[in-house]
Number of protein chains: 2
Amino acid sequence: MFQNLDPLLHSQLRLAIVSLLISVEEAEFTYIKEKTKATAGNISVQIEKLQEAEYIKVEKTFKGKYPLTKCSITKKGIKAFEAYVKALQQYIQPAT
Amino acid sequence: MFQNLDPLLHSQLRLAIVSLLISVEEAEFTYIKEKTKATAGNISVQIEKLQEAEYIKVEKTFKGKYPLTKCSITKKGIKAFEAYVKALQQYIQPAT
DNA sequence: AAATTTGGTTTATATTATAAACTTGTTTAC
DNA sequence: GTAAACAAGTTTATAATATAAACCAAATTT
């Protein structure tokens with residue numbers, strides 16, 4: 001009846017990050033920070049978890065002299081997101 | 001961009017419970033247990049939280065000699081659920 | 001009358017989310 | 001030229017959550 005919801009995605013911030021990356025090809029750390037309004041520390045932690053699970057790819061480079069972190073979604077991430085949304089429908093769709 | 005997700009509903013088990021109650025007028029503890037496959041302890045705790053928030057109403061009676069706990073959703077619960085689903089759309093709807 | 005079952009509740013623990021504090025380097029103000 | 005403020009993060013500590021294990025009271029079965 002109720003499929004399990006992938007705990008990695010069932011987190012407001014991680015879901016927001018993946019949601020952003022789904023539609024954007026690539027995003028900088030600061031962009032994610034602006035869009036999600038979350039603290040840098042929180043984002044840093046959640047990005048690492050998503051990366052460990054290989055839901056996203058993280059590339060650390062430099063923009064001029066400052067560090068620049070770019071994130072993008074992986075195939076695995078897209079699949080996981082789609083499965084999560086599908087599972088979620090069972091919870092939020094009205095009636096049986 | 002991303003509205004906050006009501007933490008009370010953003011929990012697999014509590015969401016499942018509310019989801020059940022939305023479409024069923026009234027449900028017994030054991031029914032919830034069967035449908036969610038969760039442990040009784042976990043359900044007990046989560047029901048109490050939902051009740052504290054006045055998202056659900058809990059009525060303790062007896063079925064013959066055994067205790068019987070009946071739950072039903074409140075107006076507040078319905079509203080919260082609807083708001084949660086609406087907020088969630090922003091996360092799971094593809095593209096901007 | 002001991003063991004098992006029903007219908008839960010309480011408590012302990014493991015996991016999470018989150019913010020605060022810290023780091024490394026850069027730019028600006030004095 | 002050096003102290004203060006800023007950029008872009010990371011690490012660590014704490015608070016909140018989810019969850020299961022242990023427990024309880026009464027009823028039933030063996």
Side-chain angles (χ1 to χ4, degrees), chain A residues 2-20 26-53 55-72 80 84 87-88 91, chain B residues 2-20 26-53 55-72 80 84 87-88 91:
Chain A
F2 293 113
Q3 269 174 255
N4 278 335
L5 300 173
D6 182 346
L8 241 133
L9 292 181
H10 197 62
S11 138
Q12 175 162 335
L13 183 48
R14 286 196 301 271
L15 187 61
I17 292 170
V18 168
S19 175
L20 275 179
E26 191 171 76
E28 300 178 6
F29 189 101
T30 50
Y31 175 81
I32 293 172
K33 187 161 181 292
E34 274 165 34
K35 288 291 178 181
T36 63
K37 313 282 192 202
T39 61
N42 198 358
I43 294 168
S44 180
V45 169
Q46 307 312 332
I47 278 182
E48 205 185 333
K49 284 184 188 173
L50 289 170
Q51 180 188 18
E52 269 168 31
Y55 284 8
I56 69 172
K57 191 166 66 77
V58 179
E59 204 188 343
K60 280 162 196 302
T61 63
F62 282 86
K63 173 167 61 181
K65 296 175 176 176
Y66 290 112
L68 177 68
T69 300
K70 284 183 197 170
C71 304
S72 59
Y84 172 77
L88 201 55
Y91 292 78
Chain B
F2 294 111
Q3 269 174 254
N4 278 335
L5 300 174
D6 182 345
L8 240 132
L9 292 181
H10 197 62
S11 138
Q12 176 163 334
L13 183 48
R14 285 196 302 271
L15 187 61
I17 292 170
V18 168
S19 175
L20 274 180
E26 189 171 76
E28 300 179 7
F29 190 101
T30 50
Y31 174 81
I32 293 171
K33 187 160 179 292
E34 274 165 35
K35 288 291 179 182
T36 62
K37 312 281 192 204
T39 61
N42 198 358
I43 293 167
S44 179
V45 170
Q46 306 312 331
I47 278 181
E48 204 184 332
K49 285 185 187 173
L50 289 170
Q51 180 188 20
E52 268 168 32
Y55 284 7
I56 69 173
K57 190 165 67 76
V58 179
E59 203 188 341
K60 278 164 198 300
T61 62
F62 281 86
K63 172 167 62 181
K65 296 174 176 177
Y66 289 115
L68 176 69
T69 301
K70 284 183 195 169
C71 303
S72 58
Y84 172 77
L88 201 55
Y91 292 76

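In what follows, chains are A, B, ... by sequence order, proteins preceding strands, each numbered from 1.
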Expressed as a whole number of angstroms, how long is the span from [X]:[atom1] to [N]:[atom2]?
X: A/E34; N: D/dA7; atom1: CD; atom2: P; result: 12 Å
X: A/H10; N: D/dA16; atom1: NE2; atom2: P; result: 19 Å
X: A/I47; N: D/dA8; atom1: CD1; atom2: C1'; result: 12 Å
X: B/K37; N: D/dT19; atom1: NZ; atom2: P; result: 17 Å

Using 0.5 Å steps for rounding, measure from the [atom1] atom of [X] to the [atom2] atom of [Y].
X: B/L50; Y: B/I17; atom1: CG; atom2: CD1; answer: 6.0 Å
X: A/L88; Y: B/Q12; atom1: CG; atom2: CD; answer: 10.0 Å
X: B/Y84; Y: B/L15; atom1: OH; atom2: CG; answer: 5.0 Å

Which heavy atom of [X] sits nearest to which heavy atom of [Y], and what is that distance?
X: A/I43; Y: A/I32; value: CG2-CG2, 4.0 Å
X: A/F2; Y: B/S19; value: CE2-OG, 3.7 Å
X: A/R14; Y: A/L8; value: NE-O, 2.6 Å
X: A/I47; Y: A/I56; value: O-CD1, 3.7 Å

Strand-adjacent residues in residues 39-46 of chain A, judged by heavy atoms under 4.0 Å from DNA chain C: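 When residues 39-46 of chain A is checked for heavy atoms under 4.0 Å from DNA chain C, the hits, listed by number, are A/T39, A/G41, A/N42, A/V45, A/Q46.
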Residue closer to the 5' end of DNA chain C, B/T30 versus A/L8 (nearest nucleotide):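 Result of the comparison: B/T30.
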Sidechain-backbone polar pair: B/Y91 side chain, B/Q3 backbone, donor-acceptor under 3.5 Å: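 It does hold such a pair.
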Span of DNA chain C in contact with chain A (heavy atoms, under 4.0 Å):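 The contact span of chain A on DNA chain C goes from C/dA17 to C/dT27.
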Any B/K49 side-chain nitrogen or oxygen under 4.0 Å from OP1 or OP2 of D/dT17: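 No, B/K49 has no side-chain N/O under 4.0 Å of OP1/OP2 on D/dT17.
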Sugar-phosphate, base or nothing in reach of B/K33, heavy atoms under 4.0 Å: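 If one applies the 4.0 Å heavy-atom cut-off, B/K33 turns out to touch nothing in the nucleic acid.
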